[in-house]
Amino acid sequence: MSKDKDTGTAFDFGLFQRVFAYTKPYRTVFWLVAFVAIFLAAFAIFTPFLVKAVINQALPVNDIDLLVTLVWLMLAALFGQVVLQLTFNYYANLLGESVIKDLRIKLFKKMMGFKMTYFDNSSIGVLVTRAVADMQRIGEIFSQGFFVIVSDLLKMIAGALAMVLINWKLALIVFAILPIILIATRLFQKAMKVAFIEVRTQVSNLNSFVQERISGMKIVQLFNREAIEREKFRVINEKHQNAWLKTVWYNSIFFPIAEISYSIGIGLVVYFGVLQNINIEGFNDTGTIIAFFFLMDLLFRPLRQIADKFNTLQMGMVAANRVFQIIDTESHIDDLGTVVKDDVTGVIEFKDVRFGYVENEEVLHGVSFKVNAGETIAIVGTTGAGKSTIINLLNRFYEINSGDIKVDGISIRDYKLKSLRSHIAVVLQDVFLFADSIANNISLQDDSIGIETIEAAAKQIGVHEFISRLPGGFQYNVKERGTMLSSGQRQLIAFLRAYVSNPGILVLDEATSSVDTYSEQLIQQATSKITEGRTSIIIAHRLATIKNADKILVMDAGKIVESGTHKELLQQGGYYNDLYEAQFLEEEVA
């Protein structure tokens, strides 16, 4: 077995066993498919024996009764094969779909628990490929791979035994040809596994490229990148094509070899079959030769199909390996805390917190501050100062390197993750909305938040009017990422989403940037309402919006360099004063 599961050419039985472990809940279906495969092999050899009897026994003596009986038996055998094949196909596919349903749920659950670092370093297109296309390949292990191979092997064994029973000498002649196909099949299998690994890699690259360019189409067109991106796509698409052409080339070599071997076998059977009986008076063993035609098809056709189905099995195994690599990834926030609180007062304390997104590259250098219950603090600073990082750490999207963060005097590590995050609502600058109704984007499918609650909250923070003017009101579908709404409208929806969750701690991350004046007025009104009576952290770009904050923290290069009220910081004439004056001058010029 290859040590590298994704590059070796040997069949990985360990990986195969791991995939089949997911069939345990469906053992009844599994054994039904297995038994049907056995009966299919048994029924397959009935017809050659019946044909032999018709030609050698019924026709020479014109025995009509025997002929009719044999024909009825052939029809019964044919009907039995049809019923068994339908059963086999349905339940093999049912098993495959059941397995990938469970596996896809496990994969999605795993990805939902990953640290943000994992998504920062991963391609969304690749992850989508793993959850969708690769899953279907795994399902084909059962519906088009393993069970079909087992069924064909059983047919081959049954056919070989039938040949020996009918005429062992002719059987030996046929068996002498088999090594040619077996060797070709083995070489074909090795080459195809390598080819299919390359295919899956190129499929992932293609999906990732297309997904990113479609998501960033506005940037592509704004900067006239169409020609450049078309050329990049042409190169990636060509690699994808070449990967598939390798599989076509291997198929083009293997299947003619299989066909030639089969044709040679037929010729040898006819020659030696006639030669055995040519000196026998009244030669009437034509039925044996005809029966061998059927049995050879039963032997050689499954062998050709096994090679084809093994391709499917190999692709499924490659896909399974890639999916299990994600499932085996250890990149989750340890949820070992035990504290579960129904509500929090909102006291937040950072104690000498150090953190870096990349190892040995700190973003926060010993940050310490305290927010009392019900206070509103603002965090300001230039881009990259570490403002948003503080919010990420408070929600435990990332683990700190050292220090501690406490909520109500309890380390956030001691909280159950779900309980901690249930008390914190965040309004981001880049609002994400799902392709769903406004109501569902606000409640996020929480059954405890009804439409009456949403409408009442909308009136309280002053956004009910703008929503009511939309077609369908709260049932208006905002489409993917909320593209049917302006940036200001999306921000207002995000404010309402935060408000209905009734958090103990509210975070506004650049929530008023890049919006029009009217929307900003509504946002300021909404901000006053939702920050009332709860601890609030406001990360602000426009300093005029945070004049009334209880405390302002000024950050620079991952450190808090100043703190105080708006007036106190202006009187100090330091970093904050410089920021404020620079922004005031910009607004004056504008």
Quick one, I290 with K52, criterion side chain to side chain contact (heavy atoms under 4.5 Å, CB included). Give me CA distance, side-chain angles, the key distance, then yes/no. CA-CA 7 Å; I290 302 301; K52 179 176 180 293; over 6 Å; no
Are any non-hydrogen side-chain atoms of I326 and L127 less than 4.5 angstrom apart? yes
Mind checking side-chain contact (heavy atoms from CB on, under 4.5 Å) for A58 and listing every partner two or more places apart, or none if nothing turns up? L66, L67, L70
Atom pair NZ/CD1 of K155 and I45 - distance to nearest 0.5 Å: 12.0 Å
Salt-bridge test for E226 and R230: reply yes if a basic N is under 4.0 Å from a carboxylate O, no otherwise. no
What do the steps show when you test V19 against F142 for side chain to side chain contact (heavy atoms under 4.5 Å, CB included), and what is the final call? CA-CA 10 Å; V19 172; F142 302 95; 3.8 Å; yes
Please name the residue in the list I454, V500, I451 that meets the side chain to side chain contact (heavy atoms under 4.5 Å, CB included) test with S443. I454
Would you tell me whether Q136 and E140 have side-chain atoms, one donor and one acceptor, within less than 3.5 Å of each other? no
Under a 4.5 Å cut-off applied to non-hydrogen side-chain atoms, are F293 and D297 in contact? no
Nearest 0.5 angstrom please: R18 CZ to L103 CG, how far? 9.0 Å
If every non-hydrogen atom of D134 is compared with every non-hydrogen atom of R130, which pair is closest and at what distance? OD2-NH1, 2.9 Å
Are any of the side-chain heavy atoms of L170 and V174 separated by less than 4.5 Å? no
Quick one: sort the F147 and F20 rings into parallel, tilted or perpendicular, breaks at 30° and 60°. tilted
Is any side-chain heavy atom of T288 closer than 4.5 Å to a side-chain heavy atom of N56? yes
State whether the side chain of K110 and the backbone N or O of I327 hold a donor-acceptor pair below 3.5 Å, judged by distance alone. yes
Kindly determine whether V164 and F175 satisfy side chain to side chain contact (heavy atoms under 4.5 Å, CB included), including the steps that lead there. CA-CA 10 Å; V164 173; F175 297 160; 3.9 Å; yes
Kindly state each residue pair satisfying salt bridge (charged side-chain N to carboxylate O under 4.0 Å, His left out) with at least one member in residues 433-452, sequence neighbours excluded. none
Any donor-acceptor pair under 3.5 Å from T247 side chain to A243 backbone: no
Salt bridge (charged side-chain N to carboxylate O under 4.0 Å, His left out) involving D152 - partner list, sequence neighbours excluded: none
Looking at F39, I want to see if its CZ is surrounded by more than 12 non-hydrogen atoms of other residues, nucleotides or ligands under 6.0 Å. no
Main-chain N/O of L433 paired to N441 side chain as donor or acceptor, under 3.5 Å: no
Quick one: does any side-chain atom of S151 pair with a main-chain N or O of V148 as donor and acceptor, under 3.5 Å? no
Taking atom CZ of F233 and atom CG of N237, what is their separation to the nearest 0.5 Å? 4.5 Å
Partners passing side-chain contact (heavy atoms from CB on, under 4.5 Å) against W249 (at least two apart in sequence or in another chain): I253
Correct closest heavy-atom pair for S98 and Y26 would be CB-CZ, 3.6 Å
Taking atom types as modelled and ignoring hydrogens, do the side chains of N89 and Q85 form a donor-acceptor contact shorter than 3.5 angstrom? yes
Just verifying a value: how many Å separate F79 CZ and L84 CG, rounded to the nearest 0.5 Å? 10.0 Å
Return the set of residues passing side chain to side chain donor-acceptor pair (under 3.5 Å) with R213 (not counting sequence neighbours), or none when no residue passes. E229
Heavy atoms, side chains only, cut-off 4.5 Å: are R421 and F397 in contact? yes
Mind checking whether F46 and F294 have ring centres under 6.0 Å apart? no
Do F434 and L444 touch side chain to side chain, with heavy atoms closer than 4.5 Å? yes
Atom pair CG (L50) and CG (L78), whose distance is rounded to the nearest 0.5 Å: 11.5 Å
Got a sec: does the OH of Y91 have more than 12 other heavy atoms crowding it under 6.0 Å? no
Would you say M74 and V51 make side-chain contact, with heavy atoms under 4.5 Å? yes
What do the steps show when you test R234 against E238 for salt bridge (Lys or Arg N to Asp or Glu O under 4.0 Å), and what is the final call? CA-CA 6 Å; R234 186 194 66 77; E238 190 173 285; 3.0 Å; yes
Do you know the tightest heavy-atom contact between I100 and G139? CG2-N, 3.3 Å
Which pair of heavy atoms, one from L313 and one from F16, lies closest together, and at what distance? CD1-CE1, 4.3 Å
Would T23 and V29 satisfy side chain to side chain contact (heavy atoms under 4.5 Å, CB included), going step by step from the backbone distance to the final call? CA-CA 9 Å; T23 66; V29 177; over 6 Å; no
On a heavy-atom basis, which atom in F43 and which in A76 lie closest, and how many Å separate them? CE2-O, 4.4 Å
Heavy-atom pair of closest approach, residues G316 and I138: O-CG1, 3.9 Å
Once side-chain contact (heavy atoms from CB on, under 4.5 Å) is applied, do any residues pair with V128, and if so which ones, sequence neighbours excluded? I124, V132
Do you know which of L165, L172, I166 makes side chain to side chain contact (heavy atoms under 4.5 Å, CB included) with W168? L172
Among R137, E198, H240, which one satisfies side chain to side chain contact (heavy atoms under 4.5 Å, CB included) with V203? H240
Got a donor-acceptor contact below 3.5 angstrom from the R396 side chain to the D334 backbone? yes
How long is the straight-line distance from CD1 of I493 back to CD1 of I467, given to the nearest 0.5 Å? 4.0 Å
